[in-house]
Amino acid sequence: MDNRQWVVTTALGGLFASAFLYLPIVGNFWVFIAVSILQGTYLGWQNVTPSQSRLGVLSFALGLFVGAGLMGVLLTRFGPDVLWGLSALFGIISGVVAMVATRLVRNARR
């Protein structure tokens with residue numbers, strides 16, 4: 001997988017996870033955190049180079065942060081709530097920790 005494909009994949013992963021912050025029936029903060037962790041675990045398990053892994057962490061974080069605000073505008077009537085940035089930060093931290101931990105476990109198994 002080249003760098004452009006990896007950046008798009010991880011950014012879309014962040015955008016996908018951010019939708020769960022605002023989905024009407026199945027979404028709330030804790031579902032968003034769980035999906036961020038699962039998405040980070042999936043992306044951390046991919047077979048990419050270390051430089052692509054670092055690039056993926058940055059694009060996942062950016063996709064999740066931008067996606068949280070964008071999904072708040074698209075999926076709610078009044079836009080994102082006041083603390084959407086803080087919610088996005090918690091999702092970024094949990095997703096990035098899951099990505100790095102999964103990457104470390106995968107490398108230790110080799």
Side-chain angles (χ1 to χ4, degrees):
M1 186 178 304
D2 67 351
N3 285 344
R4 277 184 262 156
Q5 289 174 327
W6 182 240
V7 166
V8 169
T9 300
T10 53
L12 287 177
L15 188 67
F16 171 77
S18 67
F20 283 89
L21 187 58
Y22 294 105
L23 284 176
I25 296 171
V26 295
N28 63 28
F29 178 73
W30 295 110
V31 174
F32 166 66
I33 296 295
V35 171
S36 295
I37 290 170
L38 291 173
Q39 191 70 32
T41 303
Y42 171 74
L43 292 171
W45 198 260
Q46 299 302 312
N47 188 16
V48 294
T49 63
S51 63
Q52 284 180 324
S53 177
R54 290 186 295 271
L55 185 63
V57 165
L58 289 174
S59 61
F60 176 74
L62 185 65
L64 202 107
F65 184 75
V66 170
L70 182 67
M71 290 299 161
V73 170
L74 294 176
L75 296 177
T76 61
R77 220 165 68 175
F78 302 110
D81 58 351
V82 177
L83 297 176
W84 72 270
L86 189 61
S87 298
L89 178 66
F90 284 127
I92 289 169
I93 290 171
S94 61
V96 167
V97 166
M99 280 179 82
V100 171
T102 304
R103 183 88 177 154
L104 290 174
V105 167
R106 186 171 192 266
N107 288 339
R109 290 184 67 195
R110 288 186 183 178

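Small disclaimer: the values here were computed from a predicted structure and weren't measured. Side-chain atoms are counted along with the backbone in the values below, which use heavy atoms only and exclude waters and symmetry mates.
With respect to I92, the side chain to side chain contact (heavy atoms under 4.5 Å, CB included) criterion is satisfied by exactly one of L62, V57, L64: L64.
F65 has its ring centre less than 6.0 Å from the ring centre of W84.
The two residues I37 and A98 make their nearest non-hydrogen contact at O-CB, 3.5 Å. Nearest heavy atoms, G67 versus L15: CA-CD1, 3.5 Å. Heavy atoms only, all atoms of each residue included: Q46 and R103 are closest at O-NH1, 3.6 Å.
In this structure, CE on M99 lies 6.5 Å from OG1 on T10, to the nearest 0.5 angstrom. Taking CZ of F29 as the reference point, atom CZ of F20 lies at 15.5 Å (rounded to 0.5 Å).
Under a 4.5 Å side-chain heavy-atom criterion applied to ILVMFWY residues, the cluster that includes W45 comprises V105 as well. Cluster partners of V7, by chain and number: L55. The rule joins Ile, Leu, Val, Met, Phe, Trp and Tyr whenever side-chain heavy atoms lie under 4.5 Å apart.
Both L74 and F16 are assigned to one and the same hydrophobic cluster, defined by single-linkage of ILVMFWY side chains at heavy-atom distances under 4.5 Å. Note on F78 and L23: separate hydrophobic clusters, where clusters join Ile, Leu, Val, Met, Phe, Trp and Tyr whose side-chain heavy atoms are under 4.5 Å apart, directly or indirectly.
With sequence neighbours left out, the side chain to side chain donor-acceptor pair (under 3.5 Å) criterion links N3 to Q52. When the side chain to side chain donor-acceptor pair (under 3.5 Å) test is applied to S36, no partner is found at least two apart in sequence or on another chain.
For residues 71-80, no residue pair satisfies the side chain to side chain donor-acceptor pair (under 3.5 Å) rule, not counting sequence neighbours. Each side chain to side chain donor-acceptor pair (under 3.5 Å) pair with one or both residues in residues 17-26, not counting sequence neighbours, appears once here: Y22-D81.
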